[in-house]
Structure formats: C-alpha cells, structure tokens
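Down below is the structure, laid out as structure tokens.
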Amino acid sequence: MISARVGDNRGRVFIDQYRCDNKVPAYTITKELFMNLTSDTTDKRGKNLVKSFNTGKDNEYFGITKFNKDYLSVPYLLLTDLLLTRAELYAENGNLTAAADDVNLIINRAYSDPTGKIVTAVIRKDALISRIRSERRLEFFGEGDRLQHLKRRGYNPAQTIRNGPWNCPGLVLQFHAREAGVGFEFNGTGGCN
C-alpha cells in the first residue's frame, strides 16, 4: 500500500493526470461515457466517481473524481474483475444461469435500487454478454481495462477501436515523439486514434 505514513507516492504522476479537484485534468472522459454513468440515478458509480464541469458552456468537460486523492492503492486483482470475466466466459459457453448469478453480484452492489436491473437466465445469450460488458465498462473506466478487453475480443475482424482495426500497430504501446533516439523506430499508426 502506498501511503503518506511512509512518504511513498509513486502514483502521483498517474493520479495528477486524472485529478479534477484543483485544476483541469490532462485526461477527461467523453460526454457519452459520462451520460452512461449518470443517466441512471440509482447507479452509485455515476454519483460518486464522475463530475461535469462548466456544464452547458463551450469549455464543458467531464472529470473522473475517483482519482482526487493524494495517495492511491492499486490492487493487482479485483473480485469484480474475476466475476465479470467468469460471467462472460459462462455466457459464451451457454451457462446463462451461472453468468447471470455472477453479474448480479455486481449489479446488486452498484445500484442503490437494483430492482428491474437483475438479470435472469431467460435472457438471450448475446444480450447477457452485452450486459456483462456494459457493467465492466462502468466498473473500470479510467483504469486501463477497456483496451485490454477490446483487444482480447479482437478475434472478430470487424472489431474496431476508435475507428481503427482491433490489431492496429501502435494501438496499445505508443511512444511520445520526444522518446525517439538514434535507431529508434516508432510503431506505425495505421489509422489508430
């Protein structure tokens, strides 16, 4: 654990990129994601983890408030990640009951009133997989999880990420121009955004 007690704040550079309590952050979220998180008033994630700034003005932006801390511990493994991964695998293999049970654990925790949001095994397989992926998107925004899972599902040649092919060179590992040196070759962009 990184804490003030030991004076270890290695995560400060990361935190400061998202932190929105004292300045405009370097990284914000899209209006679309903000609306996904806040449109359901029973979703506790939207109430506690994001905020709109300069609402309705030309300089409106959407910040992530979950990084507004001086010290932040980053776990290696989360039960939520395990449950959502297992739910997706169960659903893909046709065990809709087990998949629904796993995703419902997340739904019950995330919503102040989960009535009407609980998933049952009578749901279509593709709808259940879509719901599981939607809950993952809402759970792990801003944590680097989304790209990992989009790449994992990239076996579909039609899959695009920000209008680029799922296997676009340079999509996952990009280098800043100032990193270039003698003999260094950049990854091609190939339409990656």
Regarding [X] and [Y], does a basic nitrogen lie under 4.0 Å from an acidic carboxylate oxygen?
X      : Y     : answer
Arg133 : Glu92 : yes
Lys69  : Asp21 : no
Lys117 : Asp40 : yes

Atom [atom1] in [X], atom [atom2] in [Y]: separation rounded to 0.5 Å?
X      : Y      : atom1 : atom2 : result
Leu96  : Tyr90  : CG    : OH    : 12.5 Å
Leu37  : Glu139 : CG    : CD    : 10.0 Å
Ile123 : Leu128 : CD1   : CG    : 5.0 Å
Arg131 : Ile106 : CZ    : CD1   : 11.5 Å
Ile118 : Asn104 : CD1   : CG    : 4.5 Å
Glu135 : Leu83  : CD    : CG    : 12.0 Å

Is the shortest side-chain heavy-atom distance between [X] and [Y] below 4.5 Å?
X      : Y      : answer
Thr28  : Tyr18  : no
Gln17  : Pro25  : no
Asn68  : Cys20  : yes
Leu49  : Lys44  : no
Leu105 : Arg109 : no
Leu33  : Phe62  : no
Val50  : Phe141 : yes
Asn36  : Glu32  : yes

Check for me, please, whether [X] and [Y] land in the same ILVMFWY cluster - side-chain distances under 4.5 Å, paths through other members count.
X      : Y      : answer
Val122 : Val103 : no
Ile132 : Leu79  : yes
Met35  : Ile29  : yes
Val13  : Val24  : no

More than 12 heavy atoms of other residues, nucleotides or ligands under 6.0 Å from [atom1] of [X]: is that the case?
X     : atom1 : answer
Arg12 : CZ    : no
Lys23 : NZ    : yes
Lys66 : NZ    : yes

Self-check item: Six-ring centre of Tyr61, Lys31 cation under 6.0 angstrom, axis tolerance 45°
Solution: no

Exercise. Give a yes/no verdict on a cation-pi contact between Arg19 and Tyr27, requiring under 6.0 Å between NZ or CZ and the six-membered ring centre and an angle within 45° of the axis.
Key: no

Practice problem: Apply the test side-chain contact (heavy atoms from CB on, under 4.5 Å) to residues Arg45 and Tyr111: give CA-CA distance (whole Å), side-chain angles for both, the deciding distance (0.1 Å), then the verdict. | Solution: CA-CA 8 Å; Arg45 298 167 292 205; Tyr111 297 90; 3.1 Å; yes

Quiz item: Taking the side chain from Asn54 and the backbone from Asn59, do they hold a donor-acceptor pair closer than 3.5 Å?
Solution: yes

Quiz prompt | Backbone of Lys47 reached by a side-chain donor or acceptor of Thr38 within 3.5 Å | solution = no

Do you know which two heavy atoms are closest between [X] and [Y], and how far apart they sit?
X      : Y      : result
Val119 : Ala100 : O-CB, 3.7 Å
Ala98  : Asn95  : N-OD1, 3.2 Å
Pro114 : Asn108 : CG-OD1, 3.4 Å

Quiz prompt | Flag for Arg136-Thr85: side-chain donor and acceptor within less than 3.5 Å | solution = yes

Practice problem: Evaluate side-chain contact (heavy atoms from CB on, under 4.5 Å) for Asp43 paired with Leu138, printing each intermediate quantity in order. | Solution: CA-CA 10 Å; Asp43 190 335; Leu138 297 175; 3.9 Å; yes

